[in-house]
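Atoms considered below: every heavy atom in the structure, side chains included; atoms not considered: hydrogens, waters and symmetry mates. Just so it is clear, the structure is predicted and the values come from calculations on it, not from any experiment.
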Amino acid sequence: MHKPTSGARAPDSILCVVGARPNFMKMAPIMAALGDLEPKLAVSLVHTGQHYDAAMNHQYFEALGIPQPDTNLEVGSGSHAVQTAEVMRRFEPVLDAKRPSAVLVVGDVNSTLACALVAAKKGIPVIHVEAGLRSFDRAMPEEINRILTDQISDLLFITERSGRENLLREGIADSRIRFVGNVMIDTLRRNLEKAVPVAGILKDACRGTFLDGHDGYAVLTLHRPSNVDDPDTLRTLLETVLKIGARLPVIFPLHPRTRAMIERFGFNKMLDVHELLQLPPIGYLEMLGLMKDARVVLTDSGGIQEETTALGVPCITLRNNTERPITVDEGTNTIAGQDPAKILAAFDEIMRGGGKAGRVPEFWDGQASVRIAASIHEWLKNGLRD
Ligand code: UD1
């Protein structure tokens with residue numbers, strides 16, 4: 001076991017970490033806001049390489065203007081243990097070389113926890129953006145990542161007020177918690193005008209006439225292991241989607257995990273219907289274009305629950321819980337789980353025009369990253385005190 005790093009650290013430098021697709025849209029505005037601080041802060045970026053396909057990765061860096069990572073750990077895929085351990089093993093020497101004032105992690109993926117853990121053990125303060133979200137479902141790997149990352153973080157930025165209650169309940173000092181809003185929505189607002197129109201996406205997919213004769217479309221995303229790794233669950237969900245497709249065409253960008261499972265379980269044939277358009281993983285601006293004009297989005301993603309709320313587009317969540325309750329309480333989100341009857345009832349309601357109108361939650365105003373940068377600046381000035 002290593003002793004905590006001793007000696008003086010380089011002053012005022014933040015090492016930011018990304019690993020998987022949902023981290024990229026969170027990190028883009030944070031790095032921009034940190035870069036705008038005066039006096040200048042040294043900001044560097046490590047990519048763990050948890051996601052590595054161009055479609056899951058480079059496209060996002062380009063579209064969102066994220067600087068090229070200073071280091072890519074190239075860990076790739078593996079079991080949770082292997083992936084987490086490999087990130088830790090490869091992150092440690094980078095941290096030793098850079099000796100930043102603090103490490104900033106976002107979200108709840110394996111890379112988030114792995115890098116936070118390495119930093120905490122070395123006595124380097126950890127900043128966690130999107131802290132405090134809880135699904136109260138420990139079967140979700142992300143829930144374990146959230147709880148543990150928050151426990152070892154020094155400065156915790158929350159997106160909604162429920163985050164504070166959750167953190168206080170887990171014994172985290174209030175003085176470490178800052179309610180700043182949602183950085184993902186900063187990115188959404190900045191890019192809305194650049195969103196790629198649906199017609200362009202369909203044309204690129206050689207399906208320019210897919211929506212002809214229809215009044216709108218639905219978007220579907222699925223990638224949670226609890227939905228896609230079990231053949232019975234996945235079949236039930238897909239059969240339900242096909243019923244929806246008979247009434248409203250469905251556009252379905254496929255996560256690599258989901259594509260692999262559909263192939264493994266032999267479901268390709270069942271999905272080969274005119275009303276369902278499968279796409280490869282698409283870029284951020286394409287997804288934004290799809291969501292913004294959809295009549296309904298069906299998803300098991302956390303981020304998409306938030307983005308649809310910000311866009312005012314009805315969302316049906318194909319999970320039994322959400323760690324983002326404000327999207328249900330104030331936004332456009334309906335939790336339907338995996339039960340076909342509930343999913344179809346929620347869909348009927350939306351088709352009748354009765355979907356939730358929702359309102360945009362407090363501080364989801366495009367300025368969360370600016371608040372975060374100001375708060376980090378203050379915290380560094382105060383010698384990293386709460
Ligand atoms: C990870 C995150 C999840 C997040 C999701 C967004 C964890 C525990 N999970 O899940 O919270 O919502 O990212 O996408 O960190 N694969 C590729 N190419 C890639 C990346 C993955 O083909 O670039 C395939 C591999 O077969 C891999 C599988 O997808 O085994 C799963 O990837 P992994 O990073 O383990 O988890 P995700 O399901 O993507």
Side-chain angles (χ1 to χ4, degrees), residues 20-27 29-30 105-109 112 128-147 149-150 153 156-170 172 177-189 219 221-224 226-227 287-288 291 294 296-338 342 346 355-366 368-369 371-372:
R21 185 167 63 175
N23 293 161
F24 306 145
M25 40 287 221
K26 292 169 196 163
M27 194 56 85
I30 297 172
V105 295
V106 293
D108 54 17
V109 302
T112 307
H128 186 203
V129 176
E130 201 185 88
L133 296 178
R134 297 291 180 268
S135 65
F136 304 101
D137 174 5
R138 290 201 183 190
M140 274 182 95
E142 293 81 3
E143 183 75 351
I144 310 281
N145 294 342
R146 292 181 199 119
I147 294 168
T149 304
D150 286 341
S153 291
L156 300 96
F157 291 110
I158 59 171
T159 53
E160 57 172 279
R161 289 187 187 276
S162 72
R164 171 168 269 124
E165 289 161 37
N166 294 334
L167 293 171
L168 295 177
R169 199 183 318 107
E170 291 171 17
I172 307 227
I177 305 168
R178 311 274 191 278
F179 175 40
V180 288
N182 194 325
V183 286
M184 245 187 143
I185 307 309
D186 292 11
T187 298
L188 182 142
R189 289 182 183 279
V219 175
T221 83
L222 280 177
H223 76 285
R224 296 261 159 236
S226 54
N227 277 340
M287 191 62 198
L288 198 50
M291 285 191 293
V296 57
V297 175
L298 298 109
T299 191
D300 58 9
S301 150
I304 290 176
Q305 294 171 46
E306 296 184 332
E307 289 167 334
T308 45
T309 275
L311 291 167
V313 172
C315 176
I316 301 176
T317 292
L318 306 175
R319 285 172 44 193
N320 294 315
N321 51 53
T322 180
E323 59 286 339
R324 294 155 157 94
I326 204 158
T327 60
V328 176
D329 298 342
E330 294 186 14
T332 58
N333 192 11
T334 302
I335 304 291
Q338 292 130 336
K342 279 193 192 156
K356 294 160 125 183
R359 61 167 187 251
V360 178
E362 188 181 4
F363 280 175
W364 291 22
D365 57 357
S369 50
R371 289 185 203 104
I372 287 174

V313 vs V297, side-chain contact (heavy atoms from CB on, under 4.5 Å): CA-CA, chis, key distance, verdict: CA-CA 7 Å; V313 172; V297 175; 4.0 Å; yes
For side-chain contact (heavy atoms from CB on, under 4.5 Å), just list the numbers for L288 and E307, CA-CA rounded to whole Å, side-chain angles, deciding distance to a tenth of an Å, and then say yes or no. CA-CA 9 Å; L288 198 50; E307 289 167 334; 5.8 Å; no
Would you please test E130 and R324 for salt bridge (Lys or Arg N to Asp or Glu O under 4.0 Å) and show each step? CA-CA 10 Å; E130 201 185 88; R324 294 155 157 94; 3.2 Å; yes
Yes or no on side-chain contact (heavy atoms from CB on, under 4.5 Å) for T334 and K342, after CA distance, side-chain angles and deciding distance? CA-CA 10 Å; T334 302; K342 279 193 192 156; over 6 Å; no
Apply side-chain contact (heavy atoms from CB on, under 4.5 Å) to residues Q305 and T322 and explain how you reach the verdict. CA-CA 9 Å; Q305 294 171 46; T322 180; 2.6 Å; yes
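Between E330 and E160, the closest side-chain pair of non-hydrogen atoms is not below 4.5 Å. Put simply, the side chain of I335 does not reach to within 4.5 Å of the side chain of R319, judged on heavy atoms. Side-chain contact between K26 and V183 is present, with at least one heavy-atom pair separated by less than 4.5 Å. Side-chain contact between R224 and M140 is present, with at least one heavy-atom pair separated by less than 4.5 Å. Side-chain contact check for Q338 versus N320: some heavy-atom pair is nearer than 4.5 Å. Looking at heavy atoms from C-beta onward, V129 lies out of side-chain contact with R178 at the 4.5 angstrom threshold.
At a cut-off of 3.5 Å, with distance as the only test, a side-chain donor of T317 or N333 sits close to an acceptor on the other residue.
R21 CZ to S301 OG: the interatomic distance, rounded to the nearest 0.5 Å, is 8.0 Å. I158 contributes atom CD1, which lies 6.5 Å from atom CD1 of I177 (distance to the nearest 0.5 angstrom). Here the CD1 atom belonging to I144 is positioned 9.0 Å from the CG atom belonging to D137, to the nearest 0.5 angstrom. A distance of 6.5 Å separates CG of D300 from CG of L318, quoted to the nearest 0.5 Å.
Without hydrogens or angle criteria, T332 side chain to G312 main chain gives no donor-acceptor distance under 3.5 Å. Counting only distance, with no hydrogens or angles, the side chain of N227 and the backbone of L222 share no donor-acceptor pair below 3.5 Å. Between the side chain of T187 and the main chain of M25, a donor-acceptor pair closer than 3.5 Å is present. Side-chain atoms of N166 come within 3.5 Å of backbone N or O of G132 as a donor-acceptor pair. Using modelled atom types, one side-chain atom of D186 and one backbone atom of A368 make a donor-acceptor pair closer than 3.5 Å. With W364 contributing its side chain and T159 its backbone, the two residues share a donor-acceptor pair below 3.5 Å.
Residues T309 and G331 come closest through the heavy atom pair OG1-CA, 3.3 Å. The two atoms that bring K356 and T327 nearest to each other are NZ-O, 4.5 Å, heavy atoms only. Heavy-atom minimum distance, D150 versus I172: O-CD1, 3.2 Å. Scanning all heavy atoms of the two residues, the minimum distance from I326 to P361 falls at CD1-CB, 3.7 Å. Nearest heavy-atom pair across H128 and S153 is CB-OG, 3.3 Å. Here the closest heavy-atom approach between residue F179 and residue F363 is recorded as O-CE1, 3.6 Å.
A salt bridge links D365 and R371; the closest N-O separation between the charged side-chain nitrogens and carboxylate oxygens is under 4.0 Å.
For CZ of R138, the number of neighbouring non-hydrogen atoms (other residues, nucleotides, ligands) closer than 6.0 Å is 12 at most.
With respect to S135, the side-chain hydrogen bond (donor to acceptor under 3.5 Å, both in side chains) criterion is satisfied by exactly one of E143, E323, E142: E143.
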